[in-house]
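Order of the sequence lines fixes the chain letters, A, B, ..., with proteins taken first and strands second; residue numbering starts at 1 for each chain.
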Amino acid sequence: MIDQEIIRKQKLEKLVEEGIDIFPHKAEKTHSVIEVVSNYGSLTKEALEEQKIKVAVPGRILSIRKMGRATFFHISDGQNTLQVYLREDKVGKKNYNLFSLFDIGDIISVEGLLFKTKTGELSVQAETFNFLAKSLHPLPEKWHGLQDVELRYRKRHLDLIMNPEVRKIFQLRCTMISEIRKFFDQRGYLEVETPMMQPIPGGALARPFKTYHNALGIDLYLRIAPELYLKRLTVGGLEKVYEINRNFRNEGISSEHNPEFTMLEFYEAYSDYHDLMDLTEELINSLCQTLLGKEEAVFGEKTISFKRPWKRLKFKDALVQHSGLAPSRFEDEKGIMEIASNLTPEKKVMSFGKALDIIFDKNVKPNLVQPTFVINPPKIVSPLAKSSKKDPDEAERFELVIGGMEIANAFSELADPEEQQKRFEQQAAERKKGVEEAHWIDKDYINSLEYGLPPTAGEGIGIDRLVMIFANKKSIREVILFPLLRPKD
RNA sequence: GGCCCGUUAGCUCAACUGGUAGAGCAGCGGACUCUUAAUCCGCGGGUUCCAGGUUCGAGUCCUGGACGGGUCACCA
């Protein structure tokens, strides 16, 4: 324990000796700090004197300036700060001395009249004040605050106390999610919850987390996607469903990947992937306008425009335009597979389609800053999508890329149970070859398709990444309150 | 997992070619009844991330490790 912590503990003991309840059950509160500031901040000094507005406002002490028998300090509700003026002749000598047992970081409530100082700052002239909670640790420094990124994530409570802009990110995130719910609710979608613990982890190509259920004696997997369950619901006649929930993927961690992440997934019967492109434009454009008040977002050095319509680029054309490879090179399948192999020395390139996918991820995606629908990727990397009528090697699928990140992935859902069975078998063969993220065979899902899946389009949108775009944050950890870190000690 | 960078007081940071580990804020004591990075005087505070090594001597150099950041790989 450091000396400051010992002193704080001693002060707390003194408060107990003074008969103060150090863990009170309730606090007087007429206003929060932000309410005081927004309701009365614009009133003039004279108006405040005339109206004699009495408030009882709780907050955390962030700074103290003591000048003998008078003290100024600021309290905060995490959103705004409010100055308090404490005078010995107003609160009495005993109470005034009691305040010396309070430290920066403690939570108190202050009761008194609002006024403006000679410099024009809205303040509370304290008549009484109550102790609410002690901070047994000193807060970080008042100018620079808490800068250490690791500490900010490990002690998010401190981050929120010291860095008010952090709260704004999560307010934005909250608003975005609630707007998404409104958007789909208004369109007659039903919000559902499907299993997070699944006997067969399906719906995506990724490695799962494994767990075990004692009573049933079975292995379970944390879901990597809700997809197969949502489509069962579509078979069941729920024509429009959506789910906003966590997925878990046992893969690497990076500035764009957290092992658990939030995904919006939705399915619409009687539609195809073209309909979803329109819907996606509408959704994200309206989110941008609601959140930022305009149709563009600043992201790093770039400005992203969400004005409709967005670019729709065929996968193969995207490759030609952005990979730097001549169109003729793509006719040479072996050559392309070699190029892909060189791009991913640790991964075996099993097919031409995979090779194209790799070149796309490495050389094309980073160049797509403006919202772009990349449509019709190879079927081989899309085991759950309908293939294209015109070219059976292509999937009726799009990936939405914004700011160089894959934000959404959607397709016309494969409805043919026999074809699905074949695709699963293909994936099973890949698994045998050691591709751990290949899809499992899900017989129950095939069986559900055998009851008839109507023409359906489905889409997943990465919520965290969308927040990153709107909040202008380059790291996914900045938009997740508690990103996964290795435990210390 | 590879590579690069970082880790020094509660916080933010200094410390040259290896030579007694410092500052500001925060804290403690004192002065001060409109301050706001309050001011003025005084004081305390360190496993320099950890373990080895080189050296008369290591915060500094070397080896290994921990944690984080960036980047690449895997993935969304």
Roughly how many Å apart are B:rC25 and B:rU20, using the C1' atom of each and rounding to a whole number?
26 Å

Side-chain N or O of A:K66 versus OP1/OP2 of B:rC32: is the shortest distance under 4.0 Å?
no

Does a side-chain N or O of A:R465 approach OP1 or OP2 of B:rA76 to a distance below 4.0 Å, or not?
no

With the side chain of A:M67 defined as its heavy atoms from C-beta on, choose the nearest nucleotide among B:rC74, B:rG10, B:rA38.
B:rA38

Would you mind telling me which of B:rG68, B:rA76, B:rU35 lies closest to the side-chain atoms of A:R65?
B:rU35

From the set B:rC34, B:rG44, B:rU35, return the single nucleotide nearest to any side-chain atom of A:D3.
B:rG44

Between A:K314, A:K386, A:K379, which is the residue that forms a salt bridge (Lys or Arg N to Asp or Glu O under 4.0 Å) with A:E394?
A:K314

Could you tell me how far B:rC5 sits from B:rC62 if I compare only their P atoms? Round to whole Å.
11 Å

Donor-acceptor pair under 3.5 Å: do we get one between A:E141's side chain and the base of B:rA26?
no

Between A:Q147 and A:H144, does any side-chain donor sit less than 3.5 Å from a side-chain acceptor?
no

May I ask you to check whether A:R223 and A:T194 show a side-chain donor-acceptor distance below 3.5 Å?
yes

Closest listed nucleotide, where the reference is the side chain of A:E150 and the choices are B:rC74, B:rC67, B:rG24:
B:rC67

Between B:rA26, B:rC74, B:rC67, spot the one nearest the side chain of A:K362, thanks.
B:rC74

Could you work out which one of B:rG68, B:rC11, B:rU33 sits closest to the side chain of A:R69?
B:rU33

Partners passing ring pair (Phe, Tyr, Trp, His ring centres under 6.0 Å) against A:F73 (at least two apart in sequence or in another chain):
A:F99

What's A:G462 touching, base or sugar-phosphate or nothing? Going by heavy atoms closer than 4.0 Å.
nothing

Taking only residues two or more places apart in sequence or in another chain, which ones pass ring pair (Phe, Tyr, Trp, His ring centres under 6.0 Å) with A:F131?
A:F102

Choose from B:rU35, B:rU12, B:rC74 the nucleotide whose nearest atom is closest to any side-chain atom of A:T117.
B:rU35

Measure from NZ or CZ of A:K52 to the centre of the six-membered ring of A:F115, then state whether that distance is under 6.0 Å and the direction lies within 45° of the axis.
no

Are OP1 or OP2 of B:rA26 and a side-chain N or O of A:K142 less than 4.0 angstrom apart?
yes

Quote, to the nearest angstrom, the P distance that separates B:rG69 from B:rU33.
49 Å

Among the nucleotides B:rU12, B:rA76, B:rG68, whichever has the atom closest to the side chain of A:L146 is B:rU12

Between the base of B:rA38 and the ring of A:F72 - centre-to-centre under 5.5 Å, planes within under 30° - is that a stack?
no

Between B:rG68 and B:rC32, how far apart are the C1' atoms? Round to whole Å, please.
45 Å

B:rU71 phosphate, OP1 or OP2, under 4.0 Å from A:S255 side-chain N/O
yes

Counting side-chain heavy atoms from CB outward, which of B:rG10, B:rC28, B:rC67 is closest to A:R154?
B:rC67

Selected nucleotide, minimal atom distance to A:R477 side chain, candidates B:rU35, B:rG69, B:rG24:
B:rG69

Looking only at atom C1', what distance separates B:rC49 and B:rU8, rounded to whole Å?
10 Å

